[in-house]
Amino acid sequence: MTEEHQGGSRGWTAARKGVWSWLRFTSLRLRLVLVFGLVALTAAVSASGIAYWLNREAVLTRTQDAVLRDFEQEMQNRAGALSEHPTQDELQHTAGQMANSSQRFGVLLVAENADGDTVYGSSGGLDGFALADVPESLRTAVNKEQKLTSANKHPYHLYWQRITDDDTPYLVAGTKVIGGGPTGYMLKSLEPEAKDLNSLAWSLGIATALALLGSALLAQALATTVLKPVHRLGVAARRLGEGRLDTRLRVSGTDELADLSRTFNSAAENLEKRVADMAGREQASRRFVADMSHELRTPLTALTAVTEVLEEELEFEGEGGSFDPMVEPAVRLVVSETRRLNDLVENLMEVTRFDAGTARLVLDDVDVADQITACIDARAWLDAVDLDAERGIHARLDPRRLDVILANLIGNALKHGGSPVRVSVARADDEIVIRVRDHGPGIPEDVLPHVFDRFYKASASRPRSEGSGLGLSIAVENAHIHGGGITAENSPEGGAVFVLRLPQDPSPPTDEDADGDGGGSSGGVPDDGSRGKDAKGQV
């Protein structure tokens with residue numbers, strides 16, 4: 001695939017993701033548009049419905065009143081002039097005259113002739129307006145004689161009704177001539193009014209759609225106006241979370257969003273000051289620990305030399321040494337505590353290098369199995385450790401730091417776990433996996449999250465122990481600087497398992513230890529067997 005095609009594919013993917021993010025219901029922009037649209041739609045539909053209903057009633061009432069008034073007048077003037085028993089020709093002629101009024105409605109006249117027969121006269125001839133076209137309920141109401149009262153002075157009244165025939169609305173009305181005469185019915189088509197109302201409905205529908213579209217555009221504009229500062233605030237918050245504490249928002253206006261921006265700037269400024277203050281204190285603390293450790297090395301060197309002499313005297317005591325039996329326990333305590341203090345200073349210096357970021361790797365191509373064997377052999381652990389490592393598994397690692405890790409893990413297992421300690425090596429993808437398992441009681445569940453914490457003691461009743469409580473934390477730091485890590489868990493078969501994962505080729509490598517003290521093999525863990533098990537982490 002060419003770069004042009006790849007660029008087009010990426011552009012299409014980005015555009016699709018942008019549209020999808022805009023359409024997500026959780027998007028505040030979409031919710032604003034939907035809310036504005038629903039409000040506008042409700043308002044427009046309500047207004048259109050009310051306007052249509054009012055106009056419909058006004059149009060129909062106006063037309064209806066005009067038609068009924070004209071029909072009533074025609075009944076009085078023309079039908080009222082007929083004899084009490086007219087002929088069919090007279091009814092036909094009068095109905096035609098009535099239909100020619102200004103309202104142009106159909107007329108049907110019903111009466112009895114001199115022979116007592118019912119005769120009809122329709123303005124449309126035999127195929128015109130017929131009695132069957134008049135609803136039964138209307139005919140009944142027209143022919144029903146009302147009781148005369150002070151409020152009702154006439155026995156018959158004008159009645160009307162709206163009907164629909166073949167989707168065409170009609171107005172039907174009927175009345176009798178007072179004092180004797182024919183009964184008249186009127187049929188008026190309301191189709192022109194219906195067309196006008198349909199046109200009005202379409203106009204209102206179009207107006208509603210335009211209002212909805214306008215509200216959506218307005219909501220989009222308002223959402224952009226409102227969400228742009230919110231978006232800037234989100235970007236600024238992300239930058240602040242990434243550690244860019246100098247991030248500030250541009251404040252403009254006096255509204256709530258401007259107040260929010262001012263609050264954010266104030267919070268960011270306070271946070272920057274606090275972090276700077278904490279960083280200064282932490283740097284001062286690290287400098288103090290480093291300076292103290294370096295200052296302690298000079299007297300410790302002298303003390304170490306003295307304790308070595310004392311150790312030699314203790315070794316030859318059985319061959320005629322001059323130590324007083326009362327003084328010997330004190331001498332042994334001084335020797336052990338001096339050794340412990342020396343280990344603590346070395347570990348503190350190593351931790352200080354990690355905290356200051358000056359610890360560097362000195363990489364070499366090593367055989368992992370040979371390295372583990374050398375670590376075990378140097379500390380006289382061959383009888384207590386079962387090694388399951390195939391030779392030929394090579395990796396670019398820092399041999400000194402790998403030795404520190406292994407010495408801490410194996411020494412911790414021997415001291416706090418139980419023999420035999422089994423060390424196995426395997427290759428997984430591009431990683432080297434080293435497992436150190438003991439056969440002890442395992443690690444309590446409440447201790448597991450803290451085994452790699454500095455100075456953590458699993459038992460508060462034993463605050464004073466042979467180890468410094470820094471061994472496992474130094475091992476983890478050494479694993480991290482390689483790009484790997486260490487985990488601790490309990491085996492289902494019993495005992496604790498520490499799993500070390502290291503990449504076969506850490507990147508980027510460096511050529512020398514920046515602290516200038518990369519030589520030696522202690523790195524926080526002594527070389528001799530008795531002092532190589534100071535890593536405190538298990539009960």
Side-chain angles (χ1 to χ4, degrees), residues 56-148 152-198:
R56 179 179 181 276
E57 290 300 315
V59 169
L60 293 179
T61 300
R62 183 174 61 252
T63 302
Q64 176 180 293
D65 290 345
V67 171
L68 293 178
R69 187 167 51 250
D70 195 19
F71 174 64
E72 187 176 15
Q73 186 176 1
E74 290 294 327
M75 285 293 295
Q76 290 177 356
N77 296 337
R78 299 188 184 275
L82 293 172
S83 62
E84 188 175 353
H85 300 287
T87 63
Q88 183 174 1
D89 292 336
E90 291 176 338
L91 290 177
Q92 193 74 31
H93 179 69
T94 303
Q97 289 180 331
M98 294 174 62
N100 289 327
S101 66
S102 60
Q103 296 298 327
R104 297 294 179 178
F105 43 71
V107 177
L108 173 65
L109 297 177
V110 182
E112 289 186 358
N113 58 15
D115 296 333
D117 297 329
T118 301
V119 291
Y120 302 92
S122 176
S123 59
L126 296 178
D127 297 329
F129 183 29
L131 191 61
D133 297 327
V134 180
E136 181 67 26
S137 58
L138 181 62
R139 282 183 280 168
T140 302
V142 168
N143 292 317
K144 184 177 181 181
E145 185 177 358
Q146 304 290 330
K147 182 184 291 187
L148 298 177
N152 182 29
K153 300 183 180 300
H154 304 287
Y156 299 102
H157 297 275
L158 175 65
Y159 295 93
W160 59 271
Q161 186 176 345
R162 293 175 192 164
I163 62 173
T164 301
D165 187 14
D166 293 334
D167 297 329
T168 302
Y170 291 95
L171 175 65
V172 182
T175 186
K176 290 178 69 73
V177 175
I178 298 174
T183 301
Y185 296 98
M186 178 274 300
L187 181 66
K188 170 66 176 177
S189 173
L190 299 178
E191 187 174 5
E193 287 75 14
K195 290 182 178 179
D196 293 341
L197 292 175
N198 287 336

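Residue numbers count from 1 along this sequence.
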Scan the side chains in residues 110-118 for donor-acceptor partners under 3.5 Å anywhere in the protein, sequence neighbours excluded, and list what turns up.
{"from": "N113", "atom 1": "OD1", "to": "D115", "atom 2": "N", "distance (Å)": "3.1"}
{"from": "N113", "atom 1": "OD1", "to": "G116", "atom 2": "N", "distance (Å)": "3.1"}
{"from": "N113", "atom 1": "OD1", "to": "D117", "atom 2": "N", "distance (Å)": "2.8"}

Quick check on side chain to side chain contact (heavy atoms under 4.5 Å, CB included): which of V177, V119, L91 does L109 satisfy it with?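 Between L109 and the candidates, side chain to side chain contact (heavy atoms under 4.5 Å, CB included) is satisfied uniquely by L91.
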
Just verifying a value: how many Å separate [X] [atom1] and [Y] [atom2], rounded to the nearest 0.5 Å?
{"X": "N77", "Y": "T94", "atom1": "CG", "atom2": "OG1", "answer": "12.0 Å"}
{"X": "L171", "Y": "E193", "atom1": "CG", "atom2": "CD", "answer": "9.5 Å"}
{"X": "M75", "Y": "D70", "atom1": "CE", "atom2": "CG", "answer": "12.5 Å"}
{"X": "L190", "Y": "T168", "atom1": "CG", "atom2": "OG1", "answer": "10.0 Å"}
{"X": "Q92", "Y": "S123", "atom1": "CD", "atom2": "OG", "answer": "8.0 Å"}

Holding to side-chain contact (heavy atoms from CB on, under 4.5 Å), I want the full list of residues that pass it with [X], two or more places apart in sequence or in another chain.
{"X": "D133", "value": "F129, A130"}
{"X": "T140", "value": "E136"}
{"X": "R69", "value": "D65, A66"}

Which side-chain N or O atoms in residues 179-189 pair as donor and acceptor under 3.5 Å with protein atoms at least two apart or in another chain?
{"from": "T183", "atom 1": "OG1", "to": "K176", "atom 2": "NZ", "distance (Å)": "3.0"}
{"from": "K188", "atom 1": "NZ", "to": "Q103", "atom 2": "O", "distance (Å)": "2.7"}
{"from": "S189", "atom 1": "OG", "to": "E191", "atom 2": "N", "distance (Å)": "3.3"}

Around atom NE2 of H157, are there more than 12 heavy atoms from other residues, nucleotides or ligands closer than 6.0 Å?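 More than 12 heavy atoms, drawn from other residues, nucleotides or ligands, come within 6.0 Å of this atom.
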
Close side-chain approach of [X] to [Y], heavy-atom, < 4.5 Å:
{"X": "V107", "Y": "S122", "result": "no"}
{"X": "K144", "Y": "Y156", "result": "no"}
{"X": "F105", "Y": "V67", "result": "yes"}
{"X": "E90", "Y": "L82", "result": "yes"}

For residues 158-165, which side-chain donor-acceptor pairs fall under 3.5 Å, sequence neighbours excluded?
{"from": "Y159", "atom 1": "OH", "to": "Q146", "atom 2": "NE2", "distance (Å)": "3.4"}
{"from": "Q161", "atom 1": "OE1", "to": "S137", "atom 2": "OG", "distance (Å)": "3.4"}
{"from": "R162", "atom 1": "NE", "to": "Q64", "atom 2": "OE1", "distance (Å)": "3.2"}
{"from": "R162", "atom 1": "NH2", "to": "Q64", "atom 2": "OE1", "distance (Å)": "3.1"}

Distance only, no hydrogens: is a donor on one side chain within 3.5 Å (strictly under) of an acceptor on the other, for E74 and S101?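 Short answer, no.
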
